[in-house]
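Have a look at the structure below, then the notes.
Each residue takes its place number in the sequence, starting with 1. Computed over heavy atoms, backbone and side chain alike; hydrogens, waters and symmetry mates excluded.
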Amino acid sequence: MQVEQISIFIENKSGRLAEVTRVLGNQGINIRALSLADTSDFGILRLIVDQTDLAKAALKEQGFTVSKTEVVAVEVPDQPGGLYSILKVLEDARVNVEYMYAFVERCGGNAVIIFRFDDSAQAIKVLLASGMTILEGERLYRM
């Protein structure tokens with residue numbers, strides 16, 4: 001029930017983000033979701049892509065530092081209070097969210113929140129018990 005995400009450490013300088021996307025584009029890799037966090041010296045670009053292993057290898061070949069982690073994709077109605085409904089369930093169960101980012105599905109009815117938890121197994125158990133929809137990686141990669 002987890003999704004593969006790659007994290008790329010990039011220098012915070014002009015052109016580095018473009019370089020990552022050039023490498024991925026040249027390999028025919030499609031970015032499904034992304035998050036970029038930065039400091040004055042470097043950034044962490046987190047990506048959900050349709051070909052994780054190929055993306056990781058291609059970026060490493062070009063000298064990027066890349067790691068692969070497991071995250072959880074949760075579908076939520078794209079309406080006011082939708083995110084709160086998930087966070088409240090997690091809060092009540094004392095599940096810690098390390099970070100998250102979101103995107104809206106093309107069909108427009110739902111949003112997808114990507115979560116990194118300190119205990120993914122517990123988070124998945126709690127979310128499923130609450131009737132939340134967790135997306136399988138293959139569905140997310142095809143969106």
Side-chain angles (χ1 to χ4, degrees), residues 1-87 89-91 93 95-143:
M1 305 229 62
Q2 295 191 41
V3 175
E4 293 180 334
Q5 167 191 273
I6 57 172
S7 298
I8 305 109
F9 297 90
I10 54 177
E11 299 90 356
N12 194 357
K13 66 179 187 179
S14 179
R16 291 304 280 169
L17 187 56
E19 179 67 9
V20 169
T21 59
R22 181 192 63 76
V23 169
L24 296 177
N26 286 347
Q27 293 293 319
I29 297 165
N30 199 8
I31 299 170
R32 309 309 311 144
L34 67 84
S35 170
L36 178 62
D38 71 333
T39 67
S40 60
D41 297 325
F42 69 93
I44 300 174
L45 177 62
R46 294 182 173 107
L47 300 174
I48 306 290
V49 296
D50 63 348
Q51 300 175 73
T52 306
D53 291 331
L54 179 59
K56 185 177 174 186
L59 290 165
K60 281 189 171 197
E61 185 176 295
Q62 294 298 311
F64 288 96
T65 301
V66 184
S67 63
K68 185 166 61 170
T69 56
E70 300 289 324
V71 293
V72 179
V74 182
E75 194 173 58
V76 60
D78 186 17
Q79 63 189 30
L83 178 58
Y84 173 73
S85 66
I86 294 174
L87 294 176
V89 166
L90 296 168
E91 176 190 22
V95 174
N96 184 47
V97 176
E98 291 184 6
Y99 61 81
M100 59 183 247
Y101 52 99
F103 65 98
V104 177
E105 286 186 65
R106 279 184 274 196
C107 67
N110 293 305
V112 177
I113 311 291
I114 305 296
F115 287 96
R116 173 76 175 166
F117 299 107
D118 59 358
D119 184 348
S120 291
Q122 177 64 17
I124 290 169
K125 180 180 172 182
V126 166
L127 291 167
L128 289 174
S130 297
M132 303 289 175
T133 301
I134 297 176
L135 300 180
E136 298 286 340
E138 289 307 314
R139 179 173 171 207
L140 189 63
Y141 307 142
R142 290 190 316 259
M143 289 183 148

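- The nearest pair of heavy atoms linking Asn30 to Asp50 is N-OD1, 2.8 Å.
- Just one residue in the list Gln5, Arg46, Arg116 forms a side-chain hydrogen bond (donor to acceptor under 3.5 Å, both in side chains) with Thr69, and that residue is Gln5.
- Residue Lys68 places its NZ atom among more than 12 non-hydrogen atoms of other residues, nucleotides or ligands, all under 6.0 Å distant.
- You'll find the side chain of Val3 reaches within 4.5 Å of the side chain of Val71, heavy atoms only.
- Shown here for Ser85 and Met132, the closest heavy-atom pair between the two residues is O-CE, 3.5 Å.
- When all heavy atoms are compared, the tightest approach of Gln27 to Ala58 is CG-CB, 3.7 Å.
- Taking 4.0 Å as the cut-off between side-chain N and carboxylate O, Arg16 and Glu19 do not count as a salt-bridged pair.
- Between Thr133 and Asn110, every side-chain heavy-atom pair lies at or beyond the 4.5 Å cut-off.
- Note that CG of Leu45 and OG of Ser35 are 8.0 Å apart. Values are rounded to the nearest 0.5 Å.
- Looking at every heavy atom in both residues, Phe64 comes nearest to Phe9 through CD2-O, 4.3 Å.
- For the pair Tyr101/Leu34, no side-chain contact is recorded, criterion being any heavy-atom separation below 4.5 Å from C-beta on.
- Environment of OH in Tyr99: crowded, with over 12 heavy atoms of neighbouring residues, nucleotides or ligands closer than 6.0 Å.
- Shortest non-hydrogen contact noted between Val112 and Ala73 is CG1-CB, 4.0 Å.
- Checked for salt-bridge contact, Glu4 and Lys56 miss the test: no charged N lies under 4.0 Å from a carboxylate O.
- Within the 4.5 Å cutoff, side-chain heavy atoms of Leu36 are placed close to those of Ile10.
- Asp118 meets the side chain to side chain contact (heavy atoms under 4.5 Å, CB included) test with Asn96, Glu98; sequence neighbours excluded.
- Take Glu136 and apply the side chain to side chain contact (heavy atoms under 4.5 Å, CB included) test, not counting sequence neighbours, and it matches Met1.
- The two residues Asp119 and Gln122 make their nearest non-hydrogen contact at OD1-N, 3.1 Å.
- Applying the side chain to side chain contact (heavy atoms under 4.5 Å, CB included) criterion to Leu87, with sequence neighbours excluded, gives Leu83, Leu90, Val97, Met100, Phe115.
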